[in-house]
2 protein chains.
Amino acid sequence: MYVPSDKKRRNSCVFGYKHHLLLRHRHYEDENEWGCGSWLEYTVVVVCASILLLGSLALTLFWVIQYRGGFAWREDPEREFNLHPVLMVAGFITFSGFSILLYRICRCCRRIYVKLLHTIFHALAIPCVAVGFLAVLDSHNLSSPPKPNFYSLHSWIGLVTMGLFALQFVVGFFSFLVLLCCEGATAGFRAALVPIHASFGLTTFMLAIAASLTGLTQKVWLVLKPEEYTAWKEEGIIINSLAMALVALAILVSFAVRSPTLKGDTRMTVTERL
Amino acid sequence: MYVPSDKKRRNSCVFGYKHHLLLRHRHYEDENEWGCGSWLEYTVVVVCASILLLGSLALTLFWVIQYRGGFAWREDPEREFNLHPVLMVAGFITFSGFSILLYRICRCCRRIYVKLLHTIFHALAIPCVAVGFLAVLDSHNLSSPPKPNFYSLHSWIGLVTMGLFALQFVVGFFSFLVLLCCEGATAGFRAALVPIHASFGLTTFMLAIAASLTGLTQKVWLVLKPEEYTAWKEEGIIINSLAMALVALAILVSFAVRSPTLKGDTRMTVTERL
């Protein structure tokens with residue numbers, strides 16, 4: 001009787017697995033062939049989301065430079081504060097938003113590349129959030145007299161959002177990248193984690209938007225006199241428009257993440273998104 | 001040759017359909033039998049969500065009665081305003097939150113009863129939101145001098161939330177209740193609408209929370225002096241705690257709606273949730 005050696009068996013097994021993947025991949029592409037309506041939905045969502053993600057960052061920059069005196073470092077704590085809204089919007093909204101949308105934007109790339117890009121975009125958000133956090137702490141502690149920290153509703157929401165973001169990053173990094181080293185043994189665990197990671201990811205994005213909105217509300221009442229705000233002063237309108245862009249993003253990103261069309265075939269998504 | 005009359009054919013068809021439903025129902029219950037972990041998750045989510053939904057309403061009432069002088073109608077516009085936070089939290093958070101969670105809480109009821117309860121809870125939210133909206137308009141217009149309306153970021157977010165809520169209610173009512181009169185012909189349309197309705201429903205709930213958080217931020221800066229807020233005055237801590245309860249609700253309700261365990265079998269959910 002012919003008994004194949006261990007190495008041969010392994011090779012044939014690997015070939016079989018690859019062949020299976022190839023078939024599955026072809027099947028996947030066939031199954032996900034899109035009609036005109038789906039491409040239209042895809043284009044509208046991707047274009048609008050990109051405009052809003054970049055637009056909200058641009059609007060924050062414009063507001064801070066035009067109306068709040070631009071940036072500085074520790075020599076001028078009041079202007080150092082201005083780094084806070086810009087970097088937080090860049091990290092929590094623009095980078096995180098694109099990172100979430102990547103799973104809907106990149107339809108034809110290999111899943112591992114999308115996963116790596118998702119990690120890179122979230123990793124880019126980390127220094128933004130860290131420096132943005134440092135900027136507000138500095139601007140409070142270095143002003144004379146020093147201002148207290150962590151008393152406001154906005155700061156509490158911000159802390160919860162940063163905690164959830166960090167947890168998601170660490171769990172996601174280890175579960176979906178590091179655990180790939182023993183791909184077969186961890187497949188079940190990773191598949192079970194996908195919906196939880198996706199759900200908490202979207203919740204973190206929504207909380208980031210809530211934190212931004214409370215921050216903007218607080219700022220507008222601190223820097224504008226009530227009679228200026230009620231008289232539709234330019235700066236008030238710009239801050240309100242920025243808030244509306246963030247609200248539109250909340251609606252659009254939630255829709256994009258859960259739209260059955262953009263999601264593609266659920267069974268394949270769950271299998272492929274380990 | 002025996003040709004059955006129209007009536008007989010219809011009867012046999014109806015019986016066949018009912019028999020099919022019966023089989024499907026039994027199959028559904030078998031498939032969804034839960035282990036100990038799933039029941040634990042269910043209990044924790046349902047108990048915590050109920051405590052937070054009722055607790056946030058109770059905390060709003062306590063805050064308004066204890067620190068803001070309680071309620072009045074048009075004779076005292078300043079105290080009439082107090083109806084606004086209480087009724088908006090009751091409508092947009094407590095009633096809407098329970099209405100959303102009903103689909104996860106009621107595991108063994110017939111789908112049509114859950115659907116009717118979902119509609120009733122949302123319908124109960126409508127008078128709360130309407131009177132809450134009227135209260136803030138009145139309190140602005142009747143104060144001397146009258147205060148302007150719709151200039152603030154909070155009011156813009158509130159208007160978007162009310163618009164989405166109304167749209168969801170009208171579309172949901174017609175699609176999932178009125179269209180049941182021609183059940184067979186509209187099944188495909190209703191099935192396609194389910195994920196969109198669910199997605200926009202959760203987004204509306206998150207926007208309602210964002211509107212509440214900006215409203216609370218605005219109120220705390222209007223009624224407390226900065227030195228009172230930064231010195232952890234009691235009222236400030238109560239408002240912050242209320243905001244944290246809303247943040248916890250945002251996390252918990254998003255989790256409950258998208259948890260694969262609480263959702264049950266996806267295929268059946270989509271079929272049954274027309």
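The figures that follow rest on heavy atoms only: side chains count, while hydrogens, waters and symmetry mates do not. Please read these numbers as outputs of a predicted model, since none were measured by experiment. Each chain gets a letter, A, B and so on, in the order its sequence line appears, and its residues count up from 1.
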*asked:* Using only non-hydrogen atoms and a strict under-4.5 angstrom cutoff, which residues of residues 233-249 of chain B touch chain A?
replied: B:Ile239, B:Asn240, B:Ser241, B:Ala243, B:Met244, B:Val247
*asked:* Is B:Leu207 close to chain A through its backbone or its side chain, or both, or neither, when contacts mean heavy atoms under 4.5 Å?
replied: side chain
*Sequence neighbours left out, what passes side chain to side chain donor-acceptor pair (under 3.5 Å) with B:Glu41? Give chain and number order.*
B:Ser259, B:Thr261
*Closest heavy-atom contact between B:Tyr229 and A:Tyr151?*
CD2-CE1, 3.6 Å
*asked:* If you apply the rule side chain to side chain contact (heavy atoms under 4.5 Å, CB included), what do you find for B:Val160 with A:Ile251, and how did you get there?
replied: CA-CA 10 Å; B:Val160 172; A:Ile251 298 172; 4.3 Å; yes
*Give a yes or no on this: more than 12 heavy atoms of other residues, nucleotides or ligands lie within 6.0 Å of atom CD of B:Glu228.*
yes
_With heavy-atom distances below 4.5 Å as the criterion, would you say the side chains of A:Arg258 and B:Arg258 are in contact?_
yes
Distance-only donor-acceptor pairs under 3.5 Å for side chains of residues 198-206 of chain A, two or more places apart:
| residue | atom | partner | partner atom | Å |
| --- | --- | --- | --- | --- |
| A:Thr203 | OG1 | A:Ser199 | O | 2.8 |
| A:Thr204 | OG1 | A:Phe200 | O | 2.6 |

_For the interface with chain A, which of B:Leu222, B:Val220, B:Thr217 has the highest count of heavy-atom pairs at distances below 4.5 Å?_
B:Thr217
*Which residue pairs pass the salt bridge (charged side-chain N to carboxylate O under 4.0 Å, His left out) test with at least one member in residues 137-153 of chain A, sequence neighbours excluded?*
A:Arg74-A:Asp138
*Go through A:Ser152, A:Ala210, A:Ala250 and name the one with the most non-hydrogen pairs under 4.5 angstrom from chain B.*
A:Ser152
*asked:* Is B:Ile209 close to chain A through its backbone or its side chain, or both, or neither, when contacts mean heavy atoms under 4.5 Å?
replied: neither
*side chain to side chain contact (heavy atoms under 4.5 Å, CB included) between B:Thr214 and A:Leu216, worked out*: CA-CA 9 Å; B:Thr214 51; A:Leu216 290 172; over 6 Å; no
*asked:* Under 4.5 Å from any heavy atom of chain A, what part of B:Trp221 do you find: side chain, backbone, both or neither?
replied: side chain
